[in-house]
There are 2 protein chains.
Amino acid sequence: MPQRYFIDPIDFEIKTISGNDAHHISKVMRMHINDEIIVCSNQECYRCHITDITKDVLFEIDEKLVKKEAFHATLIQGLPKGSKIDTVVKYATIFGVSNIIFVEMNRSISKEKNTDNKLKRLESIAKEAAELAHRFDVPKIEFIKRLKDINYQPFSYVLVADENEKTTHLNHVINHQNIKEHIAIIIGPEGGITDEERNFFKDQKAHFISLGDNILPTEIASLYALSYLSIKNIE
Amino acid sequence: MPQRYFIDPIDFEIKTISGNDAHHISKVMRMHINDEIIVCSNQECYRCHITDITKDVLFEIDEKLVKKEAFHATLIQGLPKGSKIDTVVKYATIFGVSNIIFVEMNRSISKEKNTDNKLKRLESIAKEAAELAHRFDVPKIEFIKRLKDINYQPFSYVLVADENEKTTHLNHVINHQNIKEHIAIIIGPEGGITDEERNFFKDQKAHFISLGDNILPTEIASLYALSYLSIKNIE
């Protein structure tokens with residue numbers, strides 16, 4: 001598979017790759033005119049070939065790639081400690097998450113500060129992971145201060161991963177009928193969710209689910225749910 | 001949940017925790033007599049309380065924990081680069097793998113050397129991850145030099161994750177009827193598997209499967225399959 005690049009719609013309009021991606025093509029990959037690349041923009045990807053390499057890279061489209069219909073899942077992730085936030089973004093992107101919202105929850109030890117700088121770094125991790133995974137889009141990442149500041153209206157289903165829940169599993173809530181709906185997956189920080197948060201989620205008509213018999217660390221817990229959605233989406 | 005410790009059957013016989021675990025109890029967790037711990041040995045776990053703390057820790061059993069029947073999956077992992085081997089062990093253990101075999105495959109850049117030292121480190125990562133995940137056992141880890149040195153007889157199903165496979169998915173091979181069988185999951189190294197290896201696996205009557213539309217990096221690809229097996233095992 002040729003290398004994949006996500007570019008702005010405005011650059012796609014003029015068939016031009018600039019900045020870091022242009023540098024990557026010319027200096028890191030040392031590509032030449034006529035070499036093949038995949039260019040993605042606005043949730044579509046195209047097989048292209050390079051027509052010119054200077055500071056910028058120009059390309060022409062050969063073929064639009066057929067997009068498989070993905071599931072639509074937003075991860076609402078209780079802010080984890082330190083570099084685990086990078087792990088969340090990288091792996092959840094690879095496993096097909098649509099959007100990620102980081103939110104300070106009661107047991108979050110980290111606080112939301114310098115979010116502008118963090119967001120920049122996380123967006124670049126997400127872009128790289130999306131290229132690696134051959135996705136058609138890059139997930140949108142947001143920091144939201146409090147659970148109650150999140151708009152839950154867009155979600156048809158709000159799933160809360162809860163260690164206390166032993167009997168309700170993903171497949172009891174999400175099945176063939178509703179797999180195409182917009183699903184929110186809520187994962188608590190280290191230490192899990194509090195009763196106060198449980199009550200808040202109940203008011204949002206959330207479904208409390210178990211992620212299996214093993215206790216999953218916060219930074220990879222979403223992968224369990226995303227794997228299920230991916231397989232159910234194919235079935 | 002109290003802290004969990006995996007100990008040798010011979011130590012369990014005399015209800016004694018020694019070495020690093022005893023140090024962890026007395027110095028790191030600063031526990032006292034009568035504090036509760038979970039002690040696991042020989043694939044069983046028990047709620048216990050501490051009866052004495054000196055250099056060793058003595059305990060008495062209060063209750064045997066009820067074990068849920070897990071699935072039985074061996075991960076055959078093409079040797080990955082550098083520290084990714086640690087990621088494989090940590091995360092696959094958390095997601096419930098039974099055994100891990102590292103094998104040099106055609107596209108493995110790392111070679112199998114100093115495996116005794118590596119094995120020691122990996123076993124300690126697996127033990128810690130099993131404690132974290134509240135497992136009843138610690139997966140067995142092995143290094144085997146070549147694919148053809150592996151004994152495939154114990155496996156009822158050999159599944160090969162193959163980027164070239166687009167139509168056969170996990171659920172086409174593993175379902176309610178055969179989820180309790182011993183399943184082998186083969187994940188290639190970075191760069192995937194070669195045609196020579198494909199032919200070898202065909203001779204082993206392996207099933208070639210897709211792990212979804214996204215390309216998963218070698219160190220976390222098994223999590224997709226293990227999540228599916230966990231959910232199917234509950235269903």
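The chains referred to below are lettered A, B, ... by the order of the sequence lines, with proteins before strands, and numbering in each begins at 1. Just so you know, these numbers use all the heavy atoms, side chains as well, and skip hydrogens, waters and symmetry mates.
Distance CG/A:L226 to CG/B:L223: 11.5 Å, rounded to 0.5 Å. Put simply, CD on B:E131 and CD1 on A:I215 are 14.0 Å apart, with the number rounded to the nearest 0.5 Å. B:S227 OG to A:L216 CG: the interatomic distance, rounded to the nearest 0.5 Å, is 8.0 Å. Expressed to the nearest 0.5 Å, how far CG of B:N171 lies from NZ of A:K232 amounts to 8.0 Å.
Atom CD of B:E181 is surrounded by more than 12 heavy atoms from other residues, nucleotides or ligands within 6.0 Å. Atom NZ of B:K180 sits in a crowded spot, with more than 12 heavy atoms from other residues, nucleotides or ligands closer than 6.0 Å. Crowding of A:E104 atom CD: a count of heavy atoms from other residues, nucleotides or ligands under 6.0 Å exceeding 12. Around CD of B:E163, the count of heavy atoms belonging to other residues, nucleotides or ligands within 6.0 Å does not exceed 12. Annotation: A:E165, atom CD; neighbour count of heavy atoms from other residues, nucleotides and ligands within 6.0 Å is above 12. Atom CG of B:N20 has 12 or fewer neighbouring heavy atoms from other residues, nucleotides or ligands inside a 6.0 Å radius. Shown here is A:K67, whose NZ atom has more than 12 heavy atoms of other residues, nucleotides or ligands within 6.0 Å.
Heavy atoms of A:L170 lying under 4.5 Å from chain B belong exclusively to its side chain. Using a 4.5 Å cut-off between heavy atoms, B:I234 contacts chain A through its side chain alone, with no backbone atom that close. Within the 4.5 angstrom heavy-atom criterion, only side-chain atoms of B:K90, from C-beta onward, approach chain A. For chain A, the nearby part of B:E219 is the side chain; its heavy atoms alone come within less than 4.5 Å. Of the two parts of B:T87, only the side chain, counted from C-beta on, holds a non-hydrogen atom closer than 4.5 Å to a non-hydrogen atom of chain A. Contact of B:I231 with chain A is made through backbone and side chain together, with heavy-atom distances under 4.5 Å.
A 4.5 Å side-chain heavy-atom check between B:L132 and A:P217 finds at least one atom pair inside the cut-off. Taking 4.5 Å as the limit, every side-chain heavy atom of A:F95 sits out of range of all side-chain heavy atoms of B:N214. Side-chain atoms of A:Y224 and B:S230, non-hydrogen and from C-beta on, do get closer than 4.5 Å to each other.
Taking A:Y228, A:Y91, A:F136 one by one and counting their heavy-atom pairs under 4.5 Å with chain B, the maximum is reached by A:Y91. Note on B:D213, B:L211, B:N233: by heavy-atom pairs under 4.5 Å with chain A, the leading option is B:D213.
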